[in-house]
Amino acid sequence: GFADGLNNGALFNYPYGIAASSEGKLYVADSGNNAIREISHAGLDWTVTTIAGRTGDIGGADGPGSAATFNFPTGVAVDSAGNLYVADQSNHTIRKVGPQPTGWMVSTIGGMVTNAGSADGIGTNALLKKPWGLAVDKGGTIFVAEYGNSTIRSGVAISVPAPPLQIALSNAQLTLMWPAWASNYVLEATGQLDSPGSWVSITNGIALSGQYFVFTDFSAGASAFYRLRQ
């Protein structure tokens with residue numbers, strides 16, 4: 001089944017991988033539910049919560065918490081900074097689940113969703129086939145047991161530069177574009193740079209065009225500032 005809760009009130013569906021953090025929390029690749037679960041210990045009790053993915057939804061979308069989707073995740077590991085790495089087996093990808101001030105953020109750091117293969121490289125240029133188990137050492141190197149290719153792969157999660165935000169103004173029409181790979185970034189706007197709390201998230205009117213997200217504002221008139229925030 002699928003349920004968060006206390007002790008045997010929680011339910012799982014084919015949990016495959018498990019890892020312990022330095023803080024004593026357990027993280028589980030709940031394969032049948034396409035979710036990543038956290039188990040916290042307090043006294044004699046254990047509390048289970050879902051931190052990423054959601055049961056019934058299969059996919060390879062990046063994003064915060066329950067907005068992200070998985071496809072039969074099997075392996076999970078934790079680094080010294082508390083980041084999780086997941087072998088998303090049926091997506092043929094390696095996912096990173098990083099702690100954020102308001103929750104968890106999921107991103108794809110290796111492989112291409114549903115595109116099985118065998119190629120070394122950076123990010124989506126690397127191809128995997130059914131990565132199953134993984135581990136991470138103290139230096140941050142990730143080791144992957146790749147079931148489909150009968151190989152052991154290794155890699156390092158490198159920092160990805162912030163995506164460029166392109167802005168064009170023609171008459172009263174404002175157009176903004178940024179790369180589609182930056183799906184875990186939010187477009188924000190403000191009219192006052194000296195007021196940090198004035199930034200507002202823009203969610204309506206954003207469309208995917210090829211390899212770019214595009215936002216068009218036909219009523220642009222007043223001065224405004226825009227940013228992408230992870």
Side-chain angles (χ1 to χ4, degrees), residues 2 12-19 27-38 50-79 81 83-99 104-137 139-161 163 179-185 208 210-213 230:
F2 181 75
F12 296 83
N13 188 4
Y14 290 104
Y16 257 93
I18 189 167
Y27 294 95
V28 179
D30 191 4
S31 304
N33 283 319
N34 301 301
I36 308 301
R37 318 286 293 278
E38 179 186 85
T50 302
I51 63 171
R54 53 191 185 271
T55 186
D57 288 342
I58 297 175
D62 292 334
S66 61
T69 53
F70 295 84
N71 192 352
F72 207 76
T74 49
V76 62
V78 189
D79 69 12
N83 297 298
L84 311 183
Y85 300 94
V86 178
D88 197 3
Q89 187 255 149
S90 291
N91 275 328
H92 312 294
T93 57
I94 305 300
R95 316 287 293 278
K96 179 180 178 180
V97 186
W104 296 80
M105 182 64 69
V106 179
S107 58
T108 301
I109 62 172
M112 187 178 298
V113 175
T114 70
N115 191 358
S118 180
D120 293 336
I122 296 175
T124 56
N125 290 323
L127 295 178
L128 302 99
K129 185 177 181 181
K130 293 187 179 298
W132 205 279
L134 50 76
V136 59
D137 67 13
T141 299
I142 304 165
F143 298 91
V144 181
E146 193 182 7
Y147 172 79
N149 282 322
S150 303
T151 57
I152 305 299
R153 312 284 291 275
S154 69
V156 177
I158 61 175
S159 298
V160 177
W181 58 259
S183 59
N184 57 334
Y185 282 78
L208 183 62
Q211 297 297 313
Y212 291 90
F213 286 114
Q230 192 173 28

Assess the residue pair I36 and W104 against the criterion (side-chain contact (heavy atoms from CB on, under 4.5 Å)); give the C-alpha distance rounded to whole Å, side-chain angles, the decisive distance to 0.1 Å, and a yes or no. CA-CA 11 Å; I36 308 301; W104 296 80; over 6 Å; no

What are the two closest heavy atoms between [X] and [Y], and how far apart are they?
X    : Y    : answer
P179 : P163 : CD-CB, 3.8 Å
A77  : A19  : CA-CB, 3.9 Å
I152 : A145 : CD1-CA, 4.0 Å
T141 : S154 : CG2-CB, 4.2 Å
A67  : A61  : O-CB, 4.3 Å
V144 : P131 : CG1-CB, 3.6 Å

Distance-only polar pair, side chains of S107 and D62, donor-acceptor under 3.5 Å: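 Distance-only check fails for S107 and D62.
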
Quick one: [atom1] on [X] to [atom2] on [Y], what's the gap to the nearest 0.5 Å?
X    : Y    : atom1 : atom2 : value
N33  : D57  : CG    : CG    : 11.0 Å
Q89  : K130 : CD    : NZ    : 4.0 Å
H92  : N115 : NE2   : CG    : 8.0 Å
M112 : L128 : CE    : CG    : 11.0 Å
R95  : I109 : CZ    : CD1   : 10.0 Å

Enclosure of F12 CZ (heavy-atom neighbours >12, cutoff 6.0 Å):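 Correct, the count exceeds 12.
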
Is there a side-chain contact (heavy atoms from CB on, under 4.5 Å) between I51 and Y27 once you walk through the steps? CA-CA 9 Å; I51 63 171; Y27 294 95; 3.9 Å; yes

Side chains of [X] and [Y]: closer than 4.5 Å at any heavy-atom pair?
X    : Y    : answer
S66  : T50  : no
Y147 : T74  : no
N91  : T114 : yes

Quick one: are the ring centres of F72 and Y16 less than 6.0 Å apart?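 Judged by ring-centre distance (under 6.0 Å), F72 and Y16 do meet the cut-off.
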
Identify, with sequence neighbours excluded, every residue that meets side chain to side chain donor-acceptor pair (under 3.5 Å) alongside K96.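 For K96, no residue satisfies side chain to side chain donor-acceptor pair (under 3.5 Å) once neighbours in sequence are set aside.
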
All salt bridge (Lys or Arg N to Asp or Glu O under 4.0 Å) counterparts of R153, not counting sequence neighbours: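 Scan of R153 (salt bridge (Lys or Arg N to Asp or Glu O under 4.0 Å), adjacent residues dropped) gives D120, E146.
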
Assess whether side-chain contact (heavy atoms from CB on, under 4.5 Å) is satisfied between D88 and N71, documenting all intermediate values. CA-CA 6 Å; D88 197 3; N71 192 352; 4.2 Å; yes

If you apply the rule side-chain contact (heavy atoms from CB on, under 4.5 Å), what do you find for N13 with T55, and how did you get there? CA-CA 9 Å; N13 188 4; T55 186; 5.9 Å; no

Pick out which of D30, V106, I58 makes a side-chain contact (heavy atoms from CB on, under 4.5 Å) with F70.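 One option only clears the test, and that one is V106.
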
